[in-house]
Amino acid sequence: MDAISVIRTKRDRGELTPEQIDWVIDAYTRGEVADEQMSALAMAILLNGMNRTEIARWTAAMIASGERMNFDSLSRPTTDKHSTGGVGDKITLPLAPLVAACGAAVPQLSGRGLGHTGGTLDKLESIPGWRANLSNAEMLGVLDTTGAVICAAGDGLAPADKKLYALRDVTGTVEAIPLIASSIMSKKIAEGTGALVLDVKVGSGAFMKTIEDARELASTMVALGTDSGVRTVALLTDMATPLGLTAGNALEVRESVEVLAGGGPKDVIDLTLALAREMLDAAGLGDADPEKALADGSAMDVWRRMISAQGGDPDATLPVAREQHVVTAPSTGVLTRLDAYDIGVAAWRLGAGRARKEDPVQAGAGIELHAKPGDTVTAGQPLLTLHTDTPEKFDYALKALPSSYDIAPAGTDFTATPVVRERIA
Ligand code: URA
């Protein structure tokens, strides 16, 4: 077996054999296949695709590159959620404690932001003292005592994906459905959850820009999960506009705590509850009432225990950026569009995200939205507040925003896209 013949097979639109797939993933993980060879193969896959048999084998080979976790010792059923990534997507923060408060165990292995989408771990790290890196034993301990844990995936879980994802990120090969599906599902299957709900984002701020691509990604992942014995469901959810009223690390933690306290923006509450119902249903806890657990404070109790168990202070004051800049509405009317991608890029440029894996993020940086599509706005009112510790970044961030919203004349009819667009099981 050699890398060049594997690359040539896919370059010439052929089907990779199981032996070729097993070999190339293993040899790449061991460093025998070079980054430039894997880049060429990833690009060939992006351009020519893989069929379902190839994707299933590719996923299995990535799982086999590392360890598999096991939650059999827990008394509660496990259920997990994975989002394909969006702008202002803080849903994991209220969702994990909410589902735990309803009786499930939620092992939420999360990632960091890269590019214009934020990462759950970066958000939680804005809470003073909170620790993302736990050993497997610590992770099980937090899960057992609080019902939920949000932490970084250990190095032993699907190491082939870790290496390949970093390579894809710098070679323009992230947006390939077979590679996204196998990347996400290898980690989730290796993690050992019994049930999984996929939040597949669709719209300008998501990897999948069209509903057709989102459907294809969702059904590929649902098939991979189901075939591996994980009860898997996908919701296709809107990412044309940011979720909630904040994008940025500490800003999103604050909004999540508002939701746990019984307030917060309607789209964040609606999506949190929709995903909670799916997660509970998939775990065999369909009779639980997440709306009640949000209203009666039991989800907030789990949040406080979960944050404390990982060294965080749930009562600590969250960091606030040193400088603010307000963008005002240029005219009066109905806000009909507020573009998720542009807001994500601007928040990233303000310091909320990173350009390279090793870059630090600013906890307080980001954007607050003062209106959402469908709201009436008045000329001169604040539309967005930009936050950063480094005011020299304002100009660069503002350059992402001039065509990021539309305001139609007052009285214009407007129907908002529902947050949950489709369900695939
Ligand atoms: N998230 C992942 O974990 N992998 C991808 O390829 C894309 C999003």
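Atom CG of Asp213 and atom CG of Leu236 lie 11.5 Å apart (nearest 0.5 Å). From Ile343, atom CD1 reaches atom OG1 of Thr246 across 11.5 Å, with rounding to the nearest 0.5 Å. In this structure, Ile25 CD1 and Leu164 CG are separated by 6.5 Å, a value rounded to the nearest 0.5 Å. In this structure, CG on Leu167 lies 9.5 Å from CD on Glu36, to the nearest 0.5 angstrom. Rounding to the nearest 0.5 angstrom, the gap separating the CZ atom in Arg254 from the OG1 atom in Thr317 is 13.0 Å.
When all heavy atoms are compared, the tightest approach of Asp342 to Leu401 is O-CD2, 4.0 Å. Residues Val87 and Ala340 come closest through the heavy atom pair CG2-O, 3.2 Å. Minimum heavy-atom separation, Gly366 to Ala347: CA-CB, 4.2 Å. Nearest heavy-atom pair, Glu175 versus Ile180, reported as atom, atom and distance to 0.1 Å: CA-CD1, 4.1 Å.
Screening Glu255, His370, Glu252, Glu368 for a side chain to side chain contact (heavy atoms under 4.5 Å, CB included) with Leu245, the sole residue that qualifies is Glu255. Partner Lys201 forms a side chain to side chain donor-acceptor pair (under 3.5 Å) with one of Thr237, Thr84, Asp238 and no other, that one being Thr237. Considering Arg168, Arg11, Lys10 as possible partners of Ile45, the one that fulfils the side chain to side chain contact (heavy atoms under 4.5 Å, CB included) test is Lys10. Here the rule is side chain to side chain contact (heavy atoms under 4.5 Å, CB included) with Thr336, and of Ile407, Asp406, Asp413 only Asp406 fits it.
His387 places none of its side-chain heavy atoms less than 4.5 Å from the side chain of Leu350. For the pair Thr146/Val149, no side-chain contact is recorded, criterion being any heavy-atom separation below 4.5 Å from C-beta on.
At a threshold of 4.0 Å, the pair Arg57-Glu54 does not count as salt-bridged, since none of the basic side-chain nitrogens sits closer than that to a carboxylate oxygen. For Arg354 and Asp359, the salt-bridge test fails: no basic side-chain N is under 4.0 Å from an acidic carboxylate O. Ion pair Lys187/Glu191 not flagged as a salt bridge, since none of the NZ, NE, NH1 or NH2 atoms sits closer than 4.0 Å to an Asp/Glu carboxylate oxygen.
Within a 6.0 Å radius of CZ in Arg52, more than 12 heavy atoms belonging to other residues, nucleotides or ligands are found.
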- Item | Test log, rule salt bridge (charged side-chain N to carboxylate O under 4.0 Å, His left out), inputs Arg231 and Glu278 | CA-CA 11 Å; Arg231 289 179 301 285; Glu278 293 289 353; over 6 Å; no

- Query: What do the steps show when you test Met43 against Thr171 for side chain to side chain contact (heavy atoms under 4.5 Å, CB included), and what is the final call?
  - Reply: CA-CA 8 Å; Met43 186 58 82; Thr171 55; 5.8 Å; no

- Task: In sequence, state the C-alpha distance, the side-chain angles, and the governing distance for Ser183 and Asp161, and then conclude on side chain to side chain donor-acceptor pair (under 3.5 Å).
- Result: CA-CA 6 Å; Ser183 164; Asp161 177 64; 2.8 Å; yes

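Glu15 and Asn51 are linked by a side-chain donor-acceptor pair at a separation below 3.5 angstrom, with hydrogens and angles left out of the test.
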